[in-house]
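Note that these values count all heavy atoms, side chains included, but never hydrogens, waters or copies made by symmetry. Computed from a predicted structure; not experimentally measured. By convention in this document, chain letters (A, B, ...) are assigned in the order of the sequence lines, proteins followed by strands, and residues within each chain are numbered from 1.
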Amino acid sequence: MMVWVNLIAALCMAGAMALMLSRLFIGPTLYDRVLAANSFGTKTVLLLLIFSLMVGRSDGVDIALLYALINFIATIAILKFFRYRSLEIALAQMSLRRAIGGDDE
Amino acid sequence: MIYGTGLAVVLAVIWWVLSGYDKTLLLSLGAASVVVTMLLAIRMRIIDRETAPFFRLPTLIPFYTWLGGEIAKSNVAVLKAALKPEIDVTPRLVRVPVEADSDLSRCIFANSITLTPGTVTVEIEEDAFLVHALTPDFTGADGFAEMNARADRATDGRRKSS
Amino acid sequence: MTLIEIGILVRDIASIALMATGLVFVLAGALGVLRLPDFFTRMHAAGVTDTLGAELIVFSLILQAGFTLLAAKLLLVGFLLFLTSPTATHAVANAAHRAGEKPLLSRFHPKHPRDREGDA
């Protein structure tokens, strides 16, 4: 019985991911898209968890754990890139430069 | 020193939960990786109250249980706002005063505001947070003051003593 | 029906209830992200999904996994989502604010398309 419940849950999650994907494509600003991508990643993690319990293989949970970490780091990296147009300099240096009067670009 | 021990114990537990091994060779490899991580952390001088906040758990757990109730309540409110046939929202940007000097307390307060649906911390200033709220119902000053006091008590207990 | 069977039934029902509530929150959050008017309001709808919906689904799966190492891993995933999702939301909001994105601060209450036709 639980297999069917999990299957329905996985299908619902796929539907929510499709809605999120449409926001990712139509989103007027960059930040809409980043937000949609982040939320899409969270749903992917949940889908992986549900799927791995549905088929009874615990490997999926490890992948979901990794995916959650990478999703977070990717969001931060995208935001950092679009703010500073560079990934080379450490964030701490960036805020220091702004504090002593350099410009934000 | 005590923070370092706490960090080592937590690292060992996480290693064991993620691998699930029970053979001596593999366990010793795990112990070696914990030792290397600890050496790196000591060399980076990052072992202090903020990187190992495990000794605050007795006060943090009641705080997060209370926060869970708040999250559930405001979640239902956001759900209603998002599912109304005709959307009717009045977003607000308010400045919330913060009375805390420790970084951990400020961090947990800002995190709690963001964690509660309907309010998101947009900007962190010297003595205040800029908070965006979905409807005016979420911006009660009493609610923020109570959350601030609870976050303070959960991290430092300063509010109670002084 | 033995006591163990009744226990399993109760566990399954609790798991289904948690899963159904979590799915309602996730789907409502996704719909809200599509429907709400501007970026800062959409952010709140995405938050619904990432906090309560995700946690409820993870707890439902923990009930299904039982008292095993798998449940501990699921708990770790839930803890990670609980820590990272508000940080990511704040990062996006702060970046949008710094970039000069102006939030909509007036009342947003569009009329039904048919009513609008009546006005015109």
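Of the atoms belonging to Leu31(C), heavy atoms from both backbone and side chain fall under 4.5 Å from chain A. Contact of Thr29(A) with chain C is made through the side chain alone, with heavy-atom distances under 4.5 Å. With a 4.5 Å cut-off on non-hydrogen atoms, Leu80(C) touches chain A through its side chain but not through its backbone. Residue contact with chain C, scored on non-hydrogen atoms closer than 4.5 Å, involves the side chain of Asp62(A) exclusively. Both the backbone and the side chain of Leu61(C) come within contact range of chain A, each with at least one heavy atom under 4.5 Å from a heavy atom of that chain.
A heavy-atom distance below 4.5 Å is not found between the side chains of Phe51(A) and Asn6(A). Residues Met20(A) and Leu34(C) are not in side-chain contact: their nearest non-hydrogen atoms beyond the backbone lie 4.5 Å or more apart. Side-chain atoms of Leu21(A) and Phe40(A), non-hydrogen and from C-beta on, do get closer than 4.5 Å to each other. Contact of the Leu79(A) side chain with the Arg83(A) side chain is not registered, since no non-hydrogen atoms from C-beta on lie closer than 4.5 Å. Within the 4.5 Å cutoff, no side-chain heavy atoms of Phe59(C) are placed close to those of Leu63(C).
Under the side-chain hydrogen bond (donor to acceptor under 3.5 Å, both in side chains) criterion, Ser85(C) pairs with no residue at all, not counting sequence neighbours.
Proximity of a side-chain donor or acceptor of Arg33(A) to a complementary backbone N or O of Phe25(A) within less than 3.5 Å is detected.
Here Leu53(A) is the residue among Leu53(A), Val5(A), Leu69(A) with the most heavy-atom pairs under 4.5 Å with chain C. For the set Ile8(A), Val45(A), Leu49(A), the entry with the most heavy-atom pairs within less than 4.5 Å of chain C is Leu49(A). Considering only heavy-atom pairs separated by less than 4.5 Å from chain C, the leading option among Asn38(A), Thr75(A), Ile50(A) is Ile50(A). Heavy-atom pairs under 4.5 Å with chain C were tallied for Phe82(A), Tyr31(A), Phe72(A); the largest tally goes to Tyr31(A). Across Leu65(A), Asp32(A), Leu30(A), Leu19(A), the residue that shares the most heavy-atom pairs under 4.5 angstrom with chain C is Asp32(A). The greatest number of non-hydrogen atom pairs below 4.5 Å with chain C, out of Ile26(A), Val61(A), Val34(A), is found for Val61(A). Ranked by non-hydrogen atom pairs under 4.5 Å with chain A, the options Ala88(C), Ala96(C), Gly53(C) are led by Ala96(C). Taking Met19(C), Gln64(C), Met43(C) one by one and counting their heavy-atom pairs under 4.5 Å with chain A, the maximum is reached by Gln64(C). Counting heavy-atom pairs under 4.5 Å between each of Leu70(C), Val26(C), Val33(C) and chain A puts Val33(C) at the top.
Between the side chains of Ser15(C) and Asp12(C), no donor-acceptor pair of N or O atoms lies under 3.5 Å.
Here the CG-CD1 distance, from Leu23(C) to Ile16(C), works out to 11.5 Å after rounding to the nearest 0.5 Å.
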